[in-house]
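Report on one structure; see the data block that follows.
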Number of protein chains: 2
Amino acid sequence: MHPSPSTCQQCAQRFNSVFCKAREEHVEVINDKKVCNIYKKGQQLFNEGANPFGVFCINDGKVKLSHQGDDGKEHIIRLLKAGDVLGYRALLSGDRYSASAVALEETQVCFIPKDVFIKVLQHDAGMAFEMMKVLSDELHRSEIKLTHLAQKPIRERLAETLLFIKETYGFEADGITLAVKLSREEIANLVGTATESTIRLLSEFKKDGMIELEGKKIQILKPKQLLATANLQD
Amino acid sequence: MHPSPSTCQQCAQRFNSVFCKAREEHVEVINDKKVCNIYKKGQQLFNEGANPFGVFCINDGKVKLSHQGDDGKEHIIRLLKAGDVLGYRALLSGDRYSASAVALEETQVCFIPKDVFIKVLQHDAGMAFEMMKVLSDELHRSEIKLTHLAQKPIRERLAETLLFIKETYGFEADGITLAVKLSREEIANLVGTATESTIRLLSEFKKDGMIELEGKKIQILKPKQLLATANLQD
DNA sequence: TTTGAAATATGACCTTTGTCATTTTTTGAT
DNA sequence: ATCAAAAAATGACAAAGGTCATATTTCAAA
């Protein structure tokens, strides 16, 4: 875990986030009103159904964002890392949270109160534009995922998910081990399938030599073959 | 088809769209630069892969927005009606179009050039905020759909889709006939399933007395029972 | 009206995926 | 290090849904 920055101005994520284009004066306002916090693995940042009071800005760590299906089954809709902001969707739509956010490991988060965030958005065209970009990108990702979920078999979606995890969190120092520990169930909830199917297919991928499994550690041995398995055109 | 308005200021959709909060002066600029057009049923407004040169604003009519799956199979991601704007996603992300837009019937559309739209967004906080709201709502819808696609059986998703079509386009004057004609294949591509499955389930719904089928005409006889079949919690 | 192509409908069948049961392994707490 | 609980792995089976073949209907053009 990196040391917590004392101010937003010094924050390592500043130019790596939606605030990258925010004017200096606005960053100051945000810095004055922010509240930082550390969440342990498994702790909730917010819960589906609750009223949003602001947005969260990840300084270090990893967070999953998930919906509760009608039958209580989790569906993970996003994986977040340092520099990512979350909780804006409900805030901007004026809704309650439609998803829950849970730390996947010890995570440093700054909380920015609703009125501060909104006011800055309304007075800083650069940041407002950046926010629209974030929303557009998220929407794009979500729509692509919709099409794949509707049209691709689980095998392809699992391969795609493993590559997505790699894109999001990267590797450990060894260059092949995924830098996040997810349970098989969580991977299944990311793919949109049953846990057993995920386990079975991971075993197959291992048998095919594409990956190595060691507890929750997953190593990507043959990224190209995995990419071919994912059968991506985009 | 309603008469085409001569100006944006007089447009029936003005306060029913993302421009509802735009300042008068900006509406004037848009009005000066807009180009209106009529698309016949089946005509394309834009095509996946093309570069966006602006946004489209529907004045009257109906449009479907769809992705091309890797195997060429269509997946409909949105249904649009008067007052809706489309083409903004690619524009804001700085991408090419990731979806194609096709008129479902004769449709009046105004085209607003990229630089005009962007400039207004940058100078009009009210409209920028409204745009973020539209994006957030779209994102929300998309994420809910993801969870349902991952977790719900086709029967429930088809019932949900029929209700969604009703919400979007409403009924004919008789109060029970869906005010849009979609092929079985299009409904399937909206649900995310095979055409045959959709046909089979529509027949079942008819047998159960929930709907009536007459060519492409679909009548909703028992909306409550359909809602129960959709099994929605949200 | 006729007619031919496209859309719809339906049956048979097969593949994929989910569910349940059981065993094995891992993990974390003592 | 030991142990209990949770997670992972695996097999057997069932169910859902897709595919293919074919019949029927609809609809628009001649």
Side-chain angles (χ1 to χ4, degrees), chain A residues 40-42 69-75 104-106 147-162 178 180-208 211-219 229 231, chain B residues 40-42 69-75 104-106 147-162 178 180-208 211-219 229 231:
Chain A
K40 291 211 172 54
K41 178 175 174 170
D70 292 344
D71 51 352
K73 199 168 146 50
E74 172 186 56
H75 186 241
L104 291 171
E105 56 179 47
E106 187 161 306
T147 301
H148 288 181
L149 199 49
Q151 301 188 348
K152 292 181 146 215
I154 297 187
R155 188 182 175 79
E156 296 184 18
R157 273 155 45 208
L158 176 60
E160 190 180 341
T161 298
L162 291 175
L178 290 182
V180 66
K181 284 187 179 168
L182 295 169
S183 68
R184 301 291 189 264
E185 190 180 3
E186 284 173 317
I187 296 175
N189 294 344
L190 210 39
V191 174
T193 185
T195 307
E196 292 93 327
S197 299
T198 297
I199 291 173
R200 251 181 268 272
L201 282 168
L202 283 175
S203 297
E204 275 189 40
F205 285 3
K206 178 178 172 176
K207 205 174 292 170
D208 296 347
I211 65 173
E212 188 51 62
L213 298 170
E214 212 185 307
K216 288 203 180 15
K217 232 198 290 181
I218 299 180
Q219 302 186 321
T229 303
N231 189 27
Chain B
K40 290 210 173 55
K41 178 176 174 169
D70 292 346
D71 51 352
K73 197 169 147 52
E74 171 185 58
H75 186 239
L104 291 171
E105 57 178 45
E106 186 160 306
T147 301
H148 289 181
L149 200 48
Q151 300 188 348
K152 291 180 147 215
I154 297 186
R155 187 182 175 78
E156 296 184 17
R157 274 154 45 210
L158 175 60
E160 192 179 340
T161 298
L162 291 176
L178 291 181
V180 66
K181 283 187 181 170
L182 295 169
S183 69
R184 301 292 189 264
E185 190 180 4
E186 285 173 316
I187 296 175
N189 294 343
L190 210 40
V191 174
T193 185
T195 307
E196 292 93 328
S197 299
T198 297
I199 290 173
R200 250 181 269 274
L201 282 168
L202 283 175
S203 298
E204 274 188 40
F205 285 3
K206 177 179 172 176
K207 204 174 295 170
D208 295 348
I211 64 173
E212 188 49 62
L213 298 170
E214 211 186 308
K216 288 203 182 11
K217 231 197 290 180
I218 299 180
Q219 302 186 321
T229 302
N231 190 26

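Lettering of chains follows the sequences in order, A, B, ..., and the numbering in each one begins at 1.
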Legend entry - Side-chain heavy-atom pair B:Leu202, B:Leu162 within 4.5 angstrom cut-off: yes
Inset, instruction - With the side chain counted from C-beta on, respond yes when B:Ile187 and B:Leu158 share a heavy-atom pair under 4.5 Å apart, and no when they do not. - result: yes
Between [atom2] of [N] and [atom1] of [X], the distance in whole Å:
X        : N      : atom1 : atom2 : result
A:Arg184 : C:dT26 : CZ    : C1'   : 11 Å
B:Gln151 : C:dG18 : CD    : P     : 11 Å
B:Glu185 : D:dT26 : CD    : C1'   : 16 Å
B:Leu201 : D:dA16 : CG    : C1'   : 11 Å
B:Glu186 : C:dA7  : CD    : P     : 10 Å
A:Arg155 : C:dT17 : CZ    : P     : 10 Å
A:Lys181 : D:dA7  : NZ    : P     : 15 Å
B:Glu214 : C:dT8  : CD    : P     : 14 Å

Inset, instruction - Tell me what A:Ile199 touches on the nucleic acid: a base, only sugar-phosphate, or nothing, going by heavy atoms under 4.0 Å. - result: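 Base contact - A:Ile199 has a heavy atom under 4.0 Å of at least one base atom.
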Inset, instruction - May I ask you to say what A:Thr195 touches in the nucleic acid, namely base, sugar-phosphate or nothing, with a heavy-atom cut-off under 4.0 Å? - result: nothing
Side chain of [X] (C-beta onward), nearest among [options]:
X        : options                : value
A:Leu213 : C:dT8, D:dA9, C:dG18   : D:dA9
B:Pro153 : C:dT10, D:dG17, D:dG18 : D:dG17
B:Thr193 : C:dA9, D:dA9, D:dG17   : D:dG17

Legend entry - Donor/acceptor link under 3.5 angstrom from A:Arg200 side chain onto base of C:dT19: yes
Legend entry - Toward the 5' end of DNA chain D, by each residue's nearest nucleotide, A:Glu196 or A:Ala150: A:Glu196
Legend entry - N/O (side chain, A:Lys216) to phosphate O (OP1/OP2, D:dA8) under 4.0 Å: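 Yes, A:Lys216 has a side-chain N/O under 4.0 Å of OP1/OP2 on D:dA8.
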Legend entry - Modelled atom types, side-chain donor and acceptor of B:His148 and B:Glu160, under 3.5 Å: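 Yes - a donor-acceptor pair under 3.5 Å links their side chains.
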Legend entry - Test: B:Lys206 and B:Glu212 ion pair at under 4.0 Å: yes
Legend entry - Whichever of A:Lys152 and A:Gly215 has its nearest DNA chain C nucleotide further upstream toward 5':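 In this pair, the answer is A:Lys152.
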Inset, instruction - Look at atom NZ of B:Lys181 and say whether more than 12 heavy atoms of other residues, nucleotides or ligands are closer to it than 6.0 Å. - result: no
